[in-house]
Amino acid sequence: MKKRKNILKIAIDSPAAAGAGTLAKSLSKHYNLIYIDTGKAYRFIALNKLENPKKFNLKFIKKKIKNLKIKDFDNKKLLSDKVGTEASNIAKNKKIRKLIFSFQTNFAYNPPKKFNGSCLDGRDITYNIIPDADFKFFITANLKTRAIRRYKEFKRLKKSITYNEVLKSIKKRDKSDFNRKISPLKKTKDSMLINTTKLSKRACFLKIKKIIDKKLNN
Ligand code: C5P
């Protein structure tokens with residue numbers, strides 16, 4: 001794989017709805033990095049499975065990933081709880097993970113020239129996708145806070161779902177993402193733990209910016 005030299009690489013792992021996406025977006029904007037929400041790639045495959053259950057096989061997935069563009073991530077259908085749950089199911093499949101791997105690493109190590117680097121968030125970014133990232137963060141928040149945040153997001157999107165359903169779904173996803181055999185969600189020793197439970201979006205961004213700037217200006 002072609003790798004661009006002297007780029008800034010930020011790797012973020014987190015459980016669902018911990019605020020990693022919001023943080024990654026603001027960091028990417030600030031440092032002019034390409035932002036890849038890697039969960040969207042799993043959600044994209046999951047949506048294809050739900051919409052084409054009969055056609056769904058490795059050849060079909062391979063073709064879909066080959067043609068996958070970042071703008072496909074804007075599809076609102078990817079945001080539903082059903083798609084998120086299915087994404088977590090298919091994410092246990094080694095062959096599917098392997099197909100998504102090169103899509104992610106290519107953006108991480110070879111971002112388009114107009115960017116200074118890359119910022120990826122997901123479950124296995126700090127140890128599998130960008131093991132040599134310049135900055136590694138594990139973003140978390142307590143379960144209730146994450147469920148409230150996700151519930152509010154769903155309400156904004158006019159999705160009909162109750163708070164208890166969201167809570168149950170996040171719990172189930174945590175269990176699966178943390179305990180699966182292949183590429184489980186974990187905090188690596190070299191990742192910095194950031195708990196966003198009591199932090200506003202702005203406070204979280206400023207906290208991380210301070211950490212990054214300190215190292216960059218050294
Ligand atoms: O982050 P998001 O909730 O969109 O991710 C959906 C699912 O995709 C996660 O629950 C997880 O199982 C899977 N995923 C993963 N590895 C990643 C990103 C997401 O296994 N790097």
Side-chain angles (χ1 to χ4, degrees), residues 9-25 27-28 34-50 61 64-65 68 70 72-109 118-131 133 136-141 143 145-154 157 159 161 165-188 191 196:
K9 297 186 293 297
I10 303 179
I12 301 175
D13 284 322
S14 78
T22 309
L23 170 73
K25 254 183 241 161
L27 290 174
S28 301
I34 191 164
Y35 166 54
I36 309 291
D37 170 357
T38 66
K40 287 274 172 67
Y42 291 91
R43 285 173 180 260
F44 175 80
I45 302 302
L47 179 65
N48 272 287
K49 183 181 177 186
L50 294 169
I61 303 168
K64 287 284 173 192
I65 294 176
L68 178 60
I70 298 284
D72 293 325
F73 288 1
D74 295 336
N75 185 349
K76 290 264 185 292
K77 286 190 203 164
L78 297 178
L79 301 174
S80 78
D81 190 54
K82 195 172 171 196
V83 171
T85 301
E86 188 57 49
S88 184
N89 285 336
I90 61 143
K92 289 184 221 157
N93 185 309
K94 200 174 174 178
K95 287 182 179 152
I96 294 182
R97 296 201 76 86
K98 210 171 157 192
L99 291 176
I100 298 178
F101 180 87
S102 36
F103 172 83
Q104 299 168 93
T105 47
N106 194 39
F107 278 110
Y109 288 96
S118 57
C119 177
L120 275 67
D121 72 354
R123 305 293 187 280
D124 60 343
I125 309 302
T126 54
Y127 68 93
N128 192 27
I129 306 297
I130 329 180
K136 295 183 181 184
F137 298 101
F138 187 88
I139 307 295
T140 191
L143 179 68
T145 304
R146 291 191 282 127
I148 292 169
R149 286 178 186 163
R150 186 50 50 92
Y151 175 67
K152 283 184 181 163
E153 263 169 44
F154 283 144
L157 292 164
K159 304 257 184 223
I161 190 162
E165 283 166 343
V166 175
L167 181 73
K168 205 172 143 196
S169 173
I170 290 188
K171 251 190 205 168
K172 194 174 154 206
R173 211 127 71 79
D174 276 1
K175 198 172 166 202
S176 171
D177 289 353
F178 277 109
N179 298 315
R180 69 182 177 215
K181 287 205 178 77
I182 300 142
S183 303
L185 172 62
K186 62 182 173 193
K187 186 205 159 293
T188 59
S191 295
T196 71

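As the structure lists them, so they are numbered: ligands from 1, and atoms in each ligand from 1.
- Taking CZ of R43 as the reference point, atom OG1 of T38 lies at 11.0 Å (rounded to 0.5 Å).
- Nearest non-hydrogen protein atom to atom 1 (O) of ligand 1 is R123 NH1, 3.1 Å.
- Here's the thing with D121: none of its N/O atoms is less than 3.5 angstrom from an N/O atom of ligand 1.
- When hydrogens are left out, the protein atom nearest atom 8 (O) of ligand 1 is Y42 CB, 3.6 Å; that is the closest non-hydrogen contact.
- At a 4.0 Å heavy-atom cut-off, ligand 1 touches R173 through the side chain alone.
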> K95 and I61: side-chain contact (heavy atoms from CB on, under 4.5 Å), yes or no, with the steps?
Replying inline: CA-CA 10 Å; K95 287 182 179 152; I61 303 168; over 6 Å; no
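- For the atom pair CG (D121) and NZ (K40), the distance works out to 9.0 Å, reported to the nearest 0.5 Å.
- Nearest-heavy-atom check against atom 20 (O) of ligand 1 across E86, R150, R180 picks out R180.
- Heavy atoms only, all atoms of each residue included: P131 and Y109 are closest at CD-OH, 3.7 Å.
- Residue-to-ligand polar distances keep K40 apart from ligand 1: every N/O pair is separated by 3.5 Å or more.
- Listed by atom number, the atoms of ligand 1 under 4.0 Å from A91 heavy atoms are 12 (O), 13 (C), 20 (O).
- Counting atoms of ligand 1 from 1 in the listed order, those under 4.0 Å from a heavy atom of G122 are 17 (C), 18 (C), 21 (N).
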> Can K77 and V83 be said to form a side-chain contact (heavy atoms from CB on, under 4.5 Å), step by step?
Replying inline: CA-CA 8 Å; K77 286 190 203 164; V83 171; 5.7 Å; no
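- Among protein heavy atoms, the minimum distance from atom 16 (N) of ligand 1 is reached at R97 NH2, 3.0 Å.
- Considering backbone and side-chain N/O of D37, none are found under 3.5 Å from N/O of ligand 1.
- Heavy-atom distances between K92 and ligand 1 stay at or above 4.0 Å for every pair.
- Ranking protein heavy atoms by distance to atom 4 (O) of ligand 1, first place goes to R43 NE, 2.6 Å.
- Side chains of R149 and T196: a donor-acceptor N/O pair is present below 3.5 angstrom, by distance only.
- Each of the following atoms of ligand 1 lies closer than 4.0 Å to a heavy atom of T38: 17 (C), 18 (C), 21 (N).
- Of the candidates L78, I170, L185, D177, it is D177 that places a heavy atom closest to atom 9 (C) of ligand 1.
- Rounding to the nearest 0.5 Å gives a distance of 9.5 Å between OG1 of T188 and OH of Y127.
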>> For a side-chain contact (heavy atoms from CB on, under 4.5 Å) check, start with the C-alpha distance between K92 and S176, then their side-chain angles and the critical distance, and finish with the verdict.
In response: CA-CA 9 Å; K92 289 184 221 157; S176 171; 3.1 Å; yes
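- In plain terms, the two heavy atoms of A24 and I12 that are nearest each other are CB-CD1, 3.9 Å.
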